[in-house]
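Working notes for the structure below.
What you see below is based on every heavy atom in this structure, not just the backbone, and it leaves out hydrogens, waters and symmetry mates. In this text, all values refer to a predicted model and were calculated from it rather than measured experimentally.
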Amino acid sequence: MAEPLLRAPKGTRDLLHPASARFRALGDVFARVANGAGYGQVILPMFEHVEVFHRLGEATDVVTKEMFEFDDRGGRRLALRPEQTASAVRAFVENRPMLPWKAWYAGPNFRAENVQKGRYRQFDQVGVEVLGLDDALIDTEVIALAWDFFRTLGLRDMTLLVNSLGDAGDRARYVDALREYFNSRAAELSEQSRETLARNPLRVLDSKRREDASVVAEAPLLADHLSEAAAEHFARVQDGLRAVGVPFTVSPRLVRGLDYYVRTTFEIQSSALDAAQSAIGGGGRYDGLVEQLGGDPTPGIGFALGVERTLLACDAEGAFTLGETGVDVFVVDTTGGLEALTLTHELRRAGVAADRAFENRSMKSQMKAADRSGARFALLVGTDERDAGEVTLRDLRSDTGQLRVARTDVLDAVKKALA
RNA sequence: GUGGCCGUAGCUCAGCUGGCAGAGCGCCGCGUUGUGGUCGCGGAUGUCGCGGGUUCAAAUCCCGUCGGUCACCCCA
């Protein structure tokens, strides 16, 4: 094969039709679900001042090694967004919308990491953010929204994991307890986990390495360090989930990688996915983030769903398949092409999706093109029709045959046939 | 950054104990000098990723390199 001179950069890919249509359709479904729940879209810049993302936590991988950074000509340090929560919060602080602010977003994010199945350097997320509500039942709403969206797509093979990291004080106390525990058994941990321990003891809980399993399994539980208020909040979230019929599993070791999470965290995994990356969505509370970005103390919660992974999960379950996406009418013209030109344009101007063949090919060839186009009807113009001032309307999707109509009645006939 | 596997037609891949570059699908044409979808017949398409080496001879063996993919870490 002649190697292409240029190819899409590592971790990026082209989506051609019909994959692109499916991608867009997923976004449309999400927009409908979110709009229908009272969320309004926020469209955010794809790059920000790096400081915006440093608030995600100086120790997180996303910030320390996965950001695409660059300087603009004015010497400002910028970064392609690795996620959109930080941008959304920045926009909230900057624009001061009315509370509560319920926003949804969709679009690409960028992380400079190595690729594997379900992980790309440019990847799309859809998500929501709610600023200004402390009510545990908004946690439930947000989680249920993600769940119901996946259900709407047709996904069934999913697991919802929920946990509470406690409030900021609980979290700090728990991290101390964890550090002490892991340090006491550091000799049993893998080398990588010992390094992680130095940076962030919480994330040692995430280790999937076999040699860490027993140490992790016996680690102190977050649940034992929750304040009364945090425990009550978490219980109410769970009551809410039961009330709306969203099945869940409490996962005491679900910590997630962004440092800003407090209290409720959750993750939705697809068990249909045969990849290492089975989390198709996740989110949680980030009550301190608005303040860190310069705003008044404001509670916040949200989620982000990975579009590529979701589509992968849909593939695995045979869900969210798209039907025919063809035009309504395909015009076949063996008299030179002028008739096809005028007919397609008349149809298009009347709102009928129409296409045609070029280069004056044989009728057989044009009919094959008509069939491939997915059109319901073919409009044929040969010398007979032209001389008679007529066209032939042929149904391509059933064997009801074809009929001749006067050239001047084409629009009416087509609209009637499509109705 | 590290490791496993893979690079052959537009796509999916066979060929790999060295000996004429193949199949299926797709595409084009014909059967039907005005009719697609089924069927039959015919046809076009290759820097065998790239560079070097071994050999009478390399898609096949060796070295290097680039790319892809999966995995670790972490995340959607």
Side-chain angles (χ1 to χ4, degrees), chain A residues 1-11 13 16 56-57 59-66 82-85 106-127 146 150 190-193 195-196 199-200 203-204 206-210 212 255-258 267-270 273-283 303-313 330 332-335 357 359 361-386 392-399 401-402:
Chain A
M1 167 174 53
E3 271 312 294
L5 254 71
L6 268 14
R7 36 169 88 233
K10 182 190 282 286
R13 65 215 180 114
L16 274 51
L56 302 180
T60 61
D61 288 350
V62 169
V63 171
T64 55
K65 61 178 191 187
E66 293 173 2
E83 56 123 56
Q84 294 182 58
T85 298
N109 306 311
F110 308 86
R111 292 183 195 173
E113 56 192 344
N114 267 347
V115 301
Q116 65 186 80
K117 189 166 190 178
R119 167 184 292 162
Y120 310 95
R121 290 187 167 185
Q122 176 179 332
F123 62 101
D124 265 67
Q125 287 184 331
V126 295
F150 286 137
S190 65
E191 188 182 331
Q192 280 158 316
S193 280
E195 285 172 22
T196 306
R199 282 181 294 127
N200 188 338
R203 226 155 318 110
V204 177
D206 259 343
S207 170
K208 291 175 207 151
R209 282 174 295 271
R210 186 165 305 162
D212 296 330
V255 289
R256 307 191 51 74
L258 281 339
E267 183 169 302
I268 295 173
Q269 300 181 345
S270 165
L273 241 34
D274 64 342
Q277 312 305 329
S278 61
I280 54 178
F303 66 67
L305 314 180
V307 173
E308 288 81 3
R309 287 184 190 176
T310 299
L311 255 9
L312 244 26
F330 195 96
V332 170
D333 171 14
T334 56
T335 72
E359 299 178 337
R361 307 179 83 95
S362 70
M363 173 159 289
K364 186 187 181 79
S365 167
Q366 292 191 48
M367 283 301 290
K368 288 178 84 149
D371 187 58
R372 270 195 301 259
S373 77
R376 272 184 66 193
F377 294 96
L379 217 47
L380 289 74
V381 185
T383 47
D384 285 3
E385 286 88 348
R386 185 192 54 196
T392 296
L393 181 61
R394 179 177 177 82
D395 191 330
L396 296 174
R397 299 287 162 245
S398 67
D399 286 320
Q402 57 191 48

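- In this structure, CZ of A:R13 is placed 12 Å from C1' of B:rA76, rounded to the nearest angstrom.
- The nucleotide whose nearest atom lies closest to any side-chain atom of A:N114 is, among B:rG34, B:rU2, B:rA76, B:rU2.
- For the P atom pair drawn from B:rU35 and B:rC25, the interatomic distance equals 25 Å after rounding to whole Å.
- In this structure, the side chains of A:L273 and A:I280 come closer than 4.5 Å at one or more pairs of heavy atoms.
- Spacing of C1' atoms, B:rU60 relative to B:rG22, comes out at 15 Å, to the nearest Å.
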- Task: Could you please spell out the steps behind the side-chain contact (heavy atoms from CB on, under 4.5 Å) verdict for A:I268 and A:F303?
- Result: CA-CA 10 Å; A:I268 295 173; A:F303 66 67; over 6 Å; no
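- Looking only at distances, a side-chain donor or acceptor of A:R397 sits under 3.5 Å from a matching main-chain atom of A:A375.
- Rounded to whole Å, the distance from NZ on A:K10 to C1' on B:rG67 is 8 Å.
- Rounded to whole Å, the separation between the C1' atoms of B:rC27 and B:rG19 comes to 33 Å.
- A:E113 comes within contact range of at least one nucleobase, with a heavy-atom separation under 4.0 Å.
- Here the P atom of nucleotide B:rG34 and the CG atom of A:L379 are 19 Å apart, to the nearest Å.
- Base-pair partner of B:rG1: B:rC72 (Watson-Crick or G-U wobble, both distances under 3.5 Å).
- As a whole-Å value, the separation of A:Q402 CD from B:rG37 P is 15 Å.
- Residue A:K117 contributes atom NZ, which lies 15 Å from atom C1' of B:rC6 at whole-angstrom precision.
- Across all strands shown, B:rC61 forms a Watson-Crick or G-U wobble pair, both distances under 3.5 Å, with B:rG53.
- Counting any heavy atom pair closer than 4.0 Å across all strands shown, A:A279 reaches sugar-phosphate atoms only and no base atom.
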Please write out each protein N/O paired with an N/O of nucleotides 28-31 of chain B under 3.5 Å, distance rounded to 0.1 Å.
residue : atom : partner : partner atom : Å
B:rC28  : OP1  : A:R372  : NH2          : 3.2
B:rC28  : OP2  : A:R372  : NH1          : 3.3
B:rC28  : O3'  : A:R361  : NH2          : 3.4

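- Atoms CE (A:M367) and C1' (B:rU35) sit 5 Å apart, rounded to a whole Å.
- Remark: the A:D333 side chain and the A:Q366 side chain contain no N/O donor-acceptor pair separated by less than 3.5 Å.
- Between the P atoms of B:rC16 and B:rC61, the separation comes to 10 Å (whole Å).
- Distance noted for atom P between B:rC63 and B:rA21: 25 Å (whole Å).
- Rounded to whole angstrom, the span from the CG atom of A:D371 across to the P atom of B:rG36 amounts to 10 Å.
- Rounding to whole angstrom units, CD of residue A:Q116 and P of B:rA76 are separated by 14 Å.
- Of the possible donor and acceptor atoms, none in the side chain of A:R121 sits under 3.5 Å from a partner among the backbone N and O of A:V115.
- Among residues two or more places apart in sequence or in another chain, the side-chain hydrogen bond (donor to acceptor under 3.5 Å, both in side chains) test is passed with A:T85 by A:E129.
- A donor-acceptor contact shorter than 3.5 Å links the side chain of A:Q84 to the backbone of A:G107.
- For the pair A:R121 and A:A370, nearest-nucleotide mapping onto RNA chain B gives the more 5' position to A:A370.
- Note on A:G127: nothing from the nucleic acid sits closer than 4.0 angstrom, heavy atoms only.
- Here A:D333 lies out of heavy-atom contact (under 4.0 Å) with every strand.
- If you take atom C1' in B:rU45 and the same atom in B:rC72, they sit 42 Å apart, rounded to whole Å.
- Donor-acceptor pairing under 3.5 Å, judged by distance alone, is present between the side chain of A:R394 and the base of B:rG36.
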- Item | Stepwise side-chain contact (heavy atoms from CB on, under 4.5 Å) test for A:D124 and A:E308 | CA-CA 7 Å; A:D124 265 67; A:E308 288 81 3; 3.8 Å; yes
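- Put simply, the side chain of A:R394 does not reach to within 4.5 Å of the side chain of A:L379, judged on heavy atoms.
- Across all strands, A:L396 comes closer than 4.0 Å to base atoms (heavy-atom distances).
- Of the C1' atoms belonging to B:rG7 and B:rC48, the separation is 10 Å, rounded to the nearest Å.
- Using the Watson-Crick or G-U wobble rule with both distances under 3.5 Å, B:rG22 pairs with B:rC13.
- Counting non-hydrogen atoms under 4.0 angstrom, A:F330 reaches nothing in the nucleic acid.
- Distance from the side chain of A:R119 is smallest for B:rC73 among the nucleotides B:rU35, B:rC73, B:rG34.
- Using C1' as the reference atom, B:rA44 and B:rG29 are 10 Å apart when rounded to the nearest Å.
- Using a 3.5 Å distance cut-off with no hydrogens or angles, the side chains of A:E385 and A:T392 do pair a donor with an acceptor.
- When each of A:G11 and A:D399 is assigned the nucleotide of RNA chain B with its nearest heavy atom, A:D399 is the one assigned upstream, toward the 5' end.
- Counting any heavy atom pair closer than 4.0 Å across all strands shown, A:Q122 reaches no nucleic acid atom.
- Of the candidates B:rC73, B:rU35, B:rA76, B:rC73 carries the atom nearest the A:Q277 side chain, counting heavy atoms from C-beta on.
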